[in-house]
There are 2 protein chains.
Amino acid sequence: MADKKSKEIKKNSKEVILRSAKVLFAMQGFELTTVREIAGKAGINVAMVYYYFNTKEELHQNIIDNAFKSFSQSLKEGVGQGKGSEDKIYDVIKVYITFLHHHKDIHRIILRETISQSKHIDMIVKKYISRNFDLVHSIIKEGVQKGTFREHDSTLSTFSLIGMILYYFTYEPIFIRLISPEKRKKPITEFLPDHIFNLFIEGVKG
Amino acid sequence: MADKKSKEIKKNSKEVILRSAKVLFAMQGFELTTVREIAGKAGINVAMVYYYFNTKEELHQNIIDNAFKSFSQSLKEGVGQGKGSEDKIYDVIKVYITFLHHHKDIHRIILRETISQSKHIDMIVKKYISRNFDLVHSIIKEGVQKGTFREHDSTLSTFSLIGMILYYFTYEPIFIRLISPEKRKKPITEFLPDHIFNLFIEGVKG
DNA sequence: GCATTAACTAAACGTTTGTTTAACTACTCT
DNA sequence: AGAGTAGTTAAACAAACGTTTAGTTAATGC
C-alpha cells in the first residue's frame with residue numbers, strides 16, 4: 001500500500017516547476033523572476049530547475065510552447081465547420097475571449113515576448129500565430145466571397161478583430177479602473193463577446 | 001569667442017541621459033537596461049545619472065511623465081472644436097496614430113508599465129489616461145445624443161476604438177510579419193486611420 | 001541484495017547589478 | 001585672485017543573480 005500511495009502523492013517536480021514559473025513569469029516578467037523564486041514557490045531546490053531545464057530561458061520557452069499548443073487546439077475545436085460566416089466569427093470571438101479569460105498569465109507572457117522583440121518571436125509567429133491568423137482571415141475572406149461581408153481589406157480587418165479582443169486583456173489593468181463598478185463585477189466573458197461581435201459585423205457587413 | 005562656442009557645444013547631460021534612457025528602456029525594458037548602458041550611450045560617467053536622478057526608477061518615471069504630458073497636449077490641439085462627431089472621431093484617430101508612429105519608444109515604455117502592474121500605474125491612469133479617455137468618451141456620447149451614432153455602450157466602444165488603434169503598435173512586430181510586403185512599405189499613417197475610422201463608424205452609426 | 005540510475009540537496013562560483021564615495025575640474029561671483 | 005558651487009570622474013561597495021559542483025537519498029532492474 002505504501003507503493004500506491006507514494007505513487008499518488010509523488011509530486012511531479014517538472015510540472016510543479018512549470019506551473020510555478022508560469023505564474024511568476026506572468027506576474028513579474030522574465031527578468032524580474034529569479035530561479036530561486038521559482039524553486040521556492042515550487043517547494044524544491046534551485047538545482048532541480050537546472051536538472052529538468054538547461055537554462056532559465058529554456059524553461060520560459062517551454063511554457064510559451066505549451067501555451068500556444070493549447071490555444072491552437074481550442075481554436076480548431078471551437079469554430080463550427082458547417083456554419084455561416086457570421087456564426088464562425090462569433091465562435092472565434094468566443095474562443096479567444098474564453099481562453100484568454102482563463103489563461104491570463106499566458107497572454108501576459110506572450111505579450112511581453114512580443115514587446116521584447118525576443119529572438120524567438122520569429123519562430124513563434126511562423127509556428128503558431130500565423131496559423132491562427134490565417135484561420136480567422138480565411139473566415140472573413142469566405143464571408144466577402146459569399147457577399148455576407150462587404151468588399152474591404154480583409155487582412156487589416158482580421159488584424160483589427162483580433163486586436164479588439166486582445167486589447168481588453170492587454171490593457172485590463174487600465175480598463176478595470178475606467179469602467180463603472182457595476183459592470184466591473186460581471187465577468188468579461190458575459191458582455192465582451194456580443195459587444196465586439198456587433199461592432200465588427202456592422203463594420204464589415206455587406 | 002571661446003565663451004560662446006563652449007556654450008553652444010556644452011552638452012546638457014540631463015537631457016542626453018533622458019534621451020538615451022528613453023531609447024534603451026523602449027528597446028530592452030526597465031530591468032534589462034543597465035545604468036552603465038545608459039551612461040555609455042549618453043557618453044558620460046555612471047555617477048552622473050545619480051547626480052541628476054536619485055534612482056534608476058526615478059529616471060524611468062521622469063520619462064513616462066514627459067511622454068504623457070506631450071501626448072495630452074497633442075490630443076487637445078489636434079481635435080477640432082466646432083466639428084461634427086464623425087469628424088472629431090477622425091481627428092482623434094489621426095492624432096493617436098500620428099503621435100504613436102513618431103513616438104513608438106514611448107508607447108512601448110508605457111505598455112510595459114501597464115503589463116507590469118507597476119506601483120505607478122494608478123497614478124498614471126488618474127493623472128493622464130483617464131483624462132484622454134474621457135475626452136474621447138465625451139465625443140462619442142455627444143454623437144449618440146445628437147443621433148449621429150446609435151444607442152450603445154459608449155464606454156465599451158470608446159475602449160474598443162482606442163484598442164483598435166493601440167493594438168497596431170502593440171503588436172507591430174507581429175503585424176509586419178503578417179501583412180503583404182507591398183503594404184508593408186507604406187507608412188502606417190497612410191492606410192490605418194481610414195481603415196479604423198470606417199470600421200468604427202459603421203459599427204456605431206445611427 | 002547489490003549495482004545502476006534517477007531524483008534531489010547544500011554550498012559555492014564568478015559576474016553583474018544599482019548605488020555610493022571621495023576626489024578632481026571648471027566656471028561664477030565678489 | 002580666490003572662495004564657492006556645479007559638473008564630472010574612477011573606483012569601490014554590498015547584494016543578488018544564473019549556474020555548477022560534488023555529494024546524498026530513493027527507486028529500479030537483475
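What you see is a predicted model; the values in this text were computed from it and never measured. Sequence lines set the chain letters: A, B, ... in the order given, protein chains first and strands last, and positions in each chain run from 1.
Rounding to whole angstrom units, CD of residue B:Glu58 and P of C:dG18 are separated by 16 Å. In this structure, CG of A:Asn12 is placed 9 Å from P of C:dA7, rounded to the nearest angstrom. Spacing between atom CE of A:Met48 and atom P of D:dA22 amounts to 19 Å, rounded to whole angstrom units. Distance A:Arg36 CZ to D:dC17 P: 7 Å, rounded to the nearest Å. Atom CD in A:Glu57 sits about 18 Å away from atom P in D:dC17, given to the nearest Å. Distance A:Leu32 CG to C:dG18 C1': 13 Å, rounded to the nearest Å. In this structure, B:Phe53 places its CZ atom 18 Å from C1' of C:dT20, rounding to the nearest Å. For the pair B:Glu31 CD and C:dT16 C1', the interatomic distance rounds to 15 Å; values are reported in whole Å.
As judged by a 4.0 angstrom heavy-atom cut-off over every strand, B:Val46 is placed among the base-contacting residues. Heavy atoms of A:Tyr52 sit under 4.0 angstrom from primed sugar atoms or phosphate atoms, though from no base atom.
Listed nucleotides C:dC8, D:dT8, C:dT19 differ in distance to B:Lys56; the shortest reach to its side chain belongs to C:dT19. For B:Ala47, the side-chain atoms get nearest to D:dA10 when compared with the rest of D:dA10, C:dT19, C:dT9. Distances from the side chain of A:Asn45 to the nucleotides C:dA10, D:dG18, C:dT17 place C:dA10 closest.
Side-chain N/O atoms of A:Ser13 include one lying less than 4.0 angstrom from OP1 or OP2 on C:dC8. Of the side-chain N and O atoms in A:Tyr50, one or more sit less than 4.0 angstrom from OP1 or OP2 of D:dT19.
Side-chain contact, A:Glu57 with A:Gln61: no donor N or O sits under 3.5 Å from an acceptor N or O. Counting only N and O atoms by type, the side chains of A:Asn45 and A:Tyr51 include no donor and acceptor under 3.5 Å apart.
Checking side-chain atoms of A:Ser157 against main-chain N and O of A:Ser160 turns up no donor-acceptor pair under 3.5 Å.
Nearest heavy atoms, A:Thr148 versus A:Ser85: OG1-OG, 4.2 Å.
Relative ring orientation between B:His60 and B:Phe30 is described as tilted, the plane-to-plane angle lying within the 30° to 60° band.
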